[in-house]
There are 2 protein chains.
Amino acid sequence: MKIGELARLSGLTPSRIRFYERIGLLKTVDRRPNGYRTYPQQAVMILGLVTTAQRAGFTLDEIRTLLPSDLKHWDHATLMDALTRKIADIEALQVRLTQSRAHLLRLIEDIQARPDDMDCAANAHRVLTNMLAEHPEALDVTSDDIRLLDATDRRQSVSPGRGKKTASR
Amino acid sequence: MKIGELARLSGLTPSRIRFYERIGLLKTVDRRPNGYRTYPQQAVMILGLVTTAQRAGFTLDEIRTLLPSDLKHWDHATLMDALTRKIADIEALQVRLTQSRAHLLRLIEDIQARPDDMDCAANAHRVLTNMLAEHPEALDVTSDDIRLLDATDRRQSVSPGRGKKTASR
DNA sequence: CCTAACGTTGAAGGTAGCTTAAAGGTCAAG
DNA sequence: CTTGACCTTTAAGCTACCTTCAACGTTAGG
């Protein structure tokens, strides 16, 4: 079949199919005398495999190293290993997402939990401080630093502060 | 403070801080007579906020539109809306990941469930067919098409198939 | 024969979020 | 005075995954 038909059958664009060929992902392609590419039926299955693997989170590079030239001769051990590691990756990502979600929920609650006697600016400050205190890993900042920020921010200071590390003139 | 110190306090590289300034993410910056950038203490908090928001899944573009120039004057409604939608995004992603994970697990099981009397090639074919049959959305392919592939693959056909444009919808 | 649809190529563009390079100015210490 | 750490700029590069463009050849149908 020609590239257009393969595109229709696989749901990919011709440009994408040619791209996959260029990067060595689709090797089952011949040429007709007129220069047109011609594909075996198998190509549909290969492309389906590629997009499926992509949805599962594999990069094209990974897919290329896993994909045998002949769909019948897989490297069983390598494949199983890759699948297992990909599952672990997914699980790690799920953990991160769960944390992010919880973090956002806490943030929403925190914003809404504004004491009646607190104005918006002070509430903003309170929420921000809580948030940054919750994740000190990213900020190379000690609790001393947080307290310091706290103070300077409250004073709305833009003047040359003279803290410990913070005040390099 | 100068950019080096801000980099140390925030945990970001100077280039990244300059980059954020260039794309309008960090506007609290002045210049000394010698051309050096100089930042208020607040900048540490802003950068912390940016990286935190990034970890939560916000793009820099989203962060820019949400970040007020003054940390004390947030657009409360817009912010809450963005947070809520981001949580929904995360949940959608979690669903997808759960599906991917389940899919990979099924795939592993399927590969291992090779009947004793089946050779590797046939098993590979069986697994592939199951897999592609499971996700017809991506492939613009009917079960008829699958059966077709099935057949041609078995016959190892590479012949000039001017196959009827089977079910090209 | 003409036209529309299809095919070919190589190069460049685009997204997101930075980093790196090149070429230079500033500053404090020894 | 020199060294080295710091600062400046613009431009280009990088990863991943394609798309788009320009310029051109081929084929099927009327």
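Bear in mind the structure is a predicted one, so any value in this text is a computation, not a measurement. Residue numbers start from 1 in every chain, and the chains themselves are labelled A, B, ... in the order their sequence lines are given, proteins ahead of strands.
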message: Any base atoms under 4.0 Å from I3(B), or only sugar-phosphate, or nothing? Heavy atoms, all strands.
response: sugar-phosphate
- request: To the nearest Å, give me how far apart CZ (R18(A)) and C1' (dT19(D)) are.
  value: 11 Å
- prompt: Between dT9(D), dC18(C), dC7(D), which nucleotide gets closest to the side-chain atoms of L60(B)?
  reply: dC18(C)
- prompt: Which sits closer to the 5' end of DNA chain D, R22(B) or P14(B), going by the nucleotide each is nearest to?
  reply: P14(B)
- prompt: Between V50(A) and L60(A), is any pair of side-chain heavy atoms under 4.5 Å apart?
  reply: yes
message: If we ignore hydrogens and angles and just use 3.5 Å, is the side chain of T78(A) paired with the main-chain N or O of L66(A) as donor and acceptor?
response: no
- request: Give a yes or no on whether the backbone of D110(A) and the side-chain of R126(A) come within a donor-acceptor separation of less than 3.5 Å.
  value: yes
task: Report yes if a side-chain nitrogen or oxygen of R31(A) is closer than 4.0 Å to either non-bridging phosphate oxygen (OP1 or OP2) of dT9(C); otherwise report no.
output: yes
- prompt: Taking the side chain from K27(B) and the backbone from S69(B), do they hold a donor-acceptor pair closer than 3.5 Å?
  reply: no
query: Would one find a side-chain N or O of Y36(A) under 4.0 angstrom from OP1 or OP2 of dG25(D)?
result: no
query: Does dT20(C) have OP1 or OP2 sitting under 4.0 Å from an N or O in the side chain of R16(B)?
result: no
task: Can you tell me the distance, in whole Å, between the CD1 atom of I63(B) and the C1' atom of dG17(C)?
output: 11 Å
- request: Provide, to the nearest angstrom, the distance between the CD atom belonging to Q54(A) and the P atom belonging to dC17(D).
  value: 6 Å
task: State whether the side chain of R64(A) and the backbone N or O of I23(A) hold a donor-acceptor pair below 3.5 Å, judged by distance alone.
output: yes
- request: Kindly point out which of dT20(C), dC7(D), dT19(D) is positioned nearest to the side chain of S15(B)?
  value: dT20(C)
statement: With the side chain defined as heavy atoms from C-beta on, T13(B) is closest, among dT19(C), dG7(C), dC7(D), to dT19(C)
- prompt: Does Y20(A) place a side-chain N or O at less than 4.0 Å from the phosphate oxygens OP1/OP2 of dC18(D)?
  reply: yes
message: I want to verify a distance call: between dC18(C), dC7(D), dC17(D), whose nearest atom is closest to the T59(A) side chain?
response: dC17(D)
- request: Look at the side-chain N and O atoms of N34(B) and state whether any lies under 4.0 Å from the OP1 or OP2 oxygen of dC7(D).
  value: no
statement: Looking only at dT9(C), dT8(D), dT19(C), the nucleotide nearest the R37(A) side chain is dT9(C)
query: Taking atom P of dC18(C) as reference, at what distance in whole Å does atom CG of D61(B) sit?
result: 12 Å
